[in-house]
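Notes to accompany the following structure.
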Amino acid sequence: GIAGERFALACGLYRQMEGGGRFARLRALAGQLIMALADVIAVANGDYFHYGLKKQTEELERFAARPEGFLEDYRGVMRAEDGPEIMGICLRMLERVGQQLGLAPEPGAAGAAETAEPAPGEPDYGELADIYMEICSTFNKIYACHGSGNPELAFLSAVCLQRELDELAQEYGIPACDILGAYRYGDLEPLAAAAKRAEEALVQTIQQGGGQIQRYHSLEAFFAANR
């Protein structure tokens with residue numbers, strides 16, 4: 001049942017991709033799609049990802065029941081450099097996973113193309129500060145992946161961060177930041193630089209609006225302030 005729900009989610013993400021839009025948007029949807037299909041594979045094998053996203057690729061390799069070419073396509077989404085290529089890979093993955101589970105990709109209208117959302121009123125900079133303090137770890141994951149040369153975890157982390165940034169832009173009316181457009185499987189420098197620009201812009205927006213970002217120089221200082 002869980003596998004079926006995650007498969008339906010993946011189908012819905014593909015329908016959104018059919019609505020078109022900038023490549024970074026397609027990449028973000030495709031990244032969510034492959035993570036949903038990875039969950040399908042895990043639960044279909046009666047298992048789960050013991051390390052979350054950190055070692056998802058390695059853990060996928062140990063699942064005996066997975067469609068032919070799944071890992072190649074999973075990595076292919078990360079390597080894809082244009083919309084038709086990434087959509088073709090995603091559709092093939094849906095078809096193969098659906099065949100293995102006895103499910104067919106769900107029919108439905110194409111997803112809506114990107115449209116400009118009306119900007120809301122003045123954002124709550126205190127709320128934005130709290131959100132930043134939660135998602136700053138994802139920025140740090142991207143920087144760490146750049147340092148260690150881990151393009152696969154960098155991609156998954158960037159997908160999660162792009163979704164967060166897009167939601168902030170829509171809900172709080174702050175400028176949108178495109179980080180996934182800078183992702184290159186073989187060169188993480190542009191991605192790390194784009195993430196740094198996005199983080200600095202977000203921090204500047206929060207601070208100029210009066211939001212307070214709490215920073216701690218050690219774990220002990222954090223515990224002392226949050227008892």
Side-chain angles (χ1 to χ4, degrees), residues 2-18 21 23-106 111 138 141-142 144-146 148-164 179-188 190-192 195:
I2 295 172
E5 290 173 3
R6 300 300 290 173
F7 183 74
L9 171 61
C11 291
L13 290 165
Y14 184 78
R15 289 197 295 275
Q16 291 182 56
M17 293 175 69
E18 291 180 314
F23 182 55
R25 174 181 183 268
L26 296 180
R27 231 180 200 167
L29 292 168
Q32 295 173 56
L33 184 150
I34 65 171
M35 285 189 273
L37 290 183
D39 287 342
V40 172
I41 300 302
V43 297
N45 280 268
D47 210 330
Y48 65 98
F49 293 107
H50 297 248
Y51 299 93
L53 294 179
K54 292 180 181 178
K55 297 184 179 181
Q56 187 172 87
T57 307
E58 293 92 326
E59 293 199 83
L60 278 169
E61 291 174 347
R62 68 181 173 81
F63 294 142
R66 66 173 188 265
E68 179 183 357
F70 184 85
L71 278 171
E72 291 80 1
D73 285 340
Y74 174 92
R75 293 187 174 102
V77 165
M78 300 177 182
R79 295 177 181 272
E81 291 295 339
D82 60 56
E85 180 184 11
I86 207 168
M87 290 188 67
I89 296 171
C90 287
L91 181 58
R92 183 168 63 239
M93 294 180 78
L94 285 172
E95 290 171 344
R96 289 178 174 178
V97 172
Q99 288 171 2
Q100 177 163 312
L101 296 177
L103 300 171
E106 295 184 353
T138 311
K141 286 176 185 176
I142 291 174
C145 288
H146 172 225
S148 63
N150 187 339
E152 293 169 7
L153 180 56
F155 178 83
L156 299 177
S157 299
V159 168
C160 295
L161 182 57
Q162 186 70 67
R163 179 172 55 189
E164 294 280 0
I179 61 169
L180 269 176
Y183 175 82
R184 301 292 181 273
Y185 190 93
D187 180 11
L188 298 179
L191 174 67

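Source: prediction; values computed, not measured.
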**Request:** For residues Phe63 and Tyr48, report the shortest heavy-atom separation together with the two atoms involved.
**Result:** CZ-O, 4.1 Å
**Prompt:** side chain to side chain contact (heavy atoms under 4.5 Å, CB included) with Ala144: which residues, sequence neighbours excluded?
**Reply:** none
**Request:** Give every residue pair that meets the salt bridge (Lys or Arg N to Asp or Glu O under 4.0 Å) criterion with at least one member in residues 26-35, sequence neighbours excluded.
**Result:** Arg27-Glu81
Going by atom type alone, with no hydrogens or angles, which donor-acceptor pairs under 3.5 Å involve a side-chain atom of residues 68-76 and a protein atom two or more places apart or on another chain?
from  : atom 1 : to     : atom 2 : distance (Å)
Asp73 : OD1    : Arg92  : NE     : 3.3
Asp73 : OD1    : Arg92  : NH2    : 2.7
Asp73 : OD2    : Arg92  : NE     : 3.1
Asp73 : OD2    : Arg96  : NH1    : 3.4
Tyr74 : OH     : Gln56  : OE1    : 2.7
Arg75 : NE     : Glu152 : OE2    : 2.8
Arg75 : NH2    : Glu61  : OE2    : 3.2

**Item:** All side chain to side chain contact (heavy atoms under 4.5 Å, CB included) counterparts of Glu58, not counting sequence neighbours
**Value:** Lys55
**Item:** Contacts of Ala44 that satisfy side chain to side chain contact (heavy atoms under 4.5 Å, CB included) - sequence neighbours left out
**Value:** Leu101
**Request:** For Val43 and Ile2, work out which heavy atoms get closest and say how close.
**Result:** CG1-CG2, 4.1 Å
**Non-neighbouring partners of Arg79 that pass side chain to side chain contact (heavy atoms under 4.5 Å, CB included), sequence neighbours left out** = Tyr185
**Asked** Taking all atoms of both residues into account, what is the closest heavy-atom pair of Ala158 and Leu180, and its distance?
**Response** CB-CD2, 3.7 Å
**Asked** Gly83 and Leu26: which non-hydrogen atoms are nearest, and at how many Å?
**Response** CA-CD1, 3.8 Å
**Prompt:** Are Pro151 and Asp187 side-chain neighbours, meaning at least one heavy-atom pair lies under 4.5 Å?
**Reply:** no
**Request:** State whether the side chain of Glu85 and the backbone N or O of Ala80 hold a donor-acceptor pair below 3.5 Å, judged by distance alone.
**Result:** no
**Message:** Can you confirm whether Gln99 sits close enough to Pro67 that some side-chain heavy atom of one is under 4.5 Å from a side-chain heavy atom of the other?
**Reply:** no
**Prompt:** Is there side-chain contact between Met87 and Glu18, with heavy atoms separated by less than 4.5 Å?
**Reply:** yes
**Request:** Would you indicate whether the side-chain heavy atoms of Leu191 and Arg184 approach each other to under 4.5 Å?
**Result:** no
**Asked** Looking at CG of Leu156 and OG1 of Thr138, how far apart are the two atoms once the value is rounded to the nearest 0.5 Å?
**Response** 12.0 Å
**Request:** May I ask you to test the Tyr183-Leu188 pair for a side-chain heavy-atom distance under 4.5 Å?
**Result:** yes
**Message:** Per the salt bridge (Lys or Arg N to Asp or Glu O under 4.0 Å) rule, what does the pair list look like for residues 29-39, sequence neighbours excluded?
**Reply:** Arg6-Asp39
**Item:** Closest non-hydrogen atom pair between Ile34 and Gly31, with its separation
**Value:** CG1-O, 3.2 Å
**Complete:** By ring-ring contact (aromatic ring centres under 6.0 Å, His included), Phe23 pairs with (sequence neighbours left out) none
**Item:** Gln100 CD to Phe7 CZ distance, which is reported to the nearest 0.5 Å
**Value:** 11.0 Å
**Counterpart residues, salt bridge (charged side-chain N to carboxylate O under 4.0 Å, His left out), relative to Asp47 (two or more places apart)** = Arg62
**Asked** Rounded to the nearest 0.5 Å, what separation is found between the OG1 atom of Thr57 and the CG atom of Asn150?
**Response** 7.5 Å
**Item:** Euclidean distance, Leu37 CG relative to Leu94 CG, rounded to 0.5 Å
**Value:** 5.5 Å
**Item:** Minimum heavy-atom distance Cys160-Leu53, with the two atoms named
**Value:** SG-CD1, 3.8 Å
**Message:** Using 0.5 Å steps for rounding, measure from the CG atom of Leu91 to the CD1 atom of Ile86.
**Reply:** 13.0 Å
**Asked** About how many Å separate CD1 of Ile179 and CG of Leu161, when rounded to the nearest 0.5 Å?
**Response** 3.5 Å
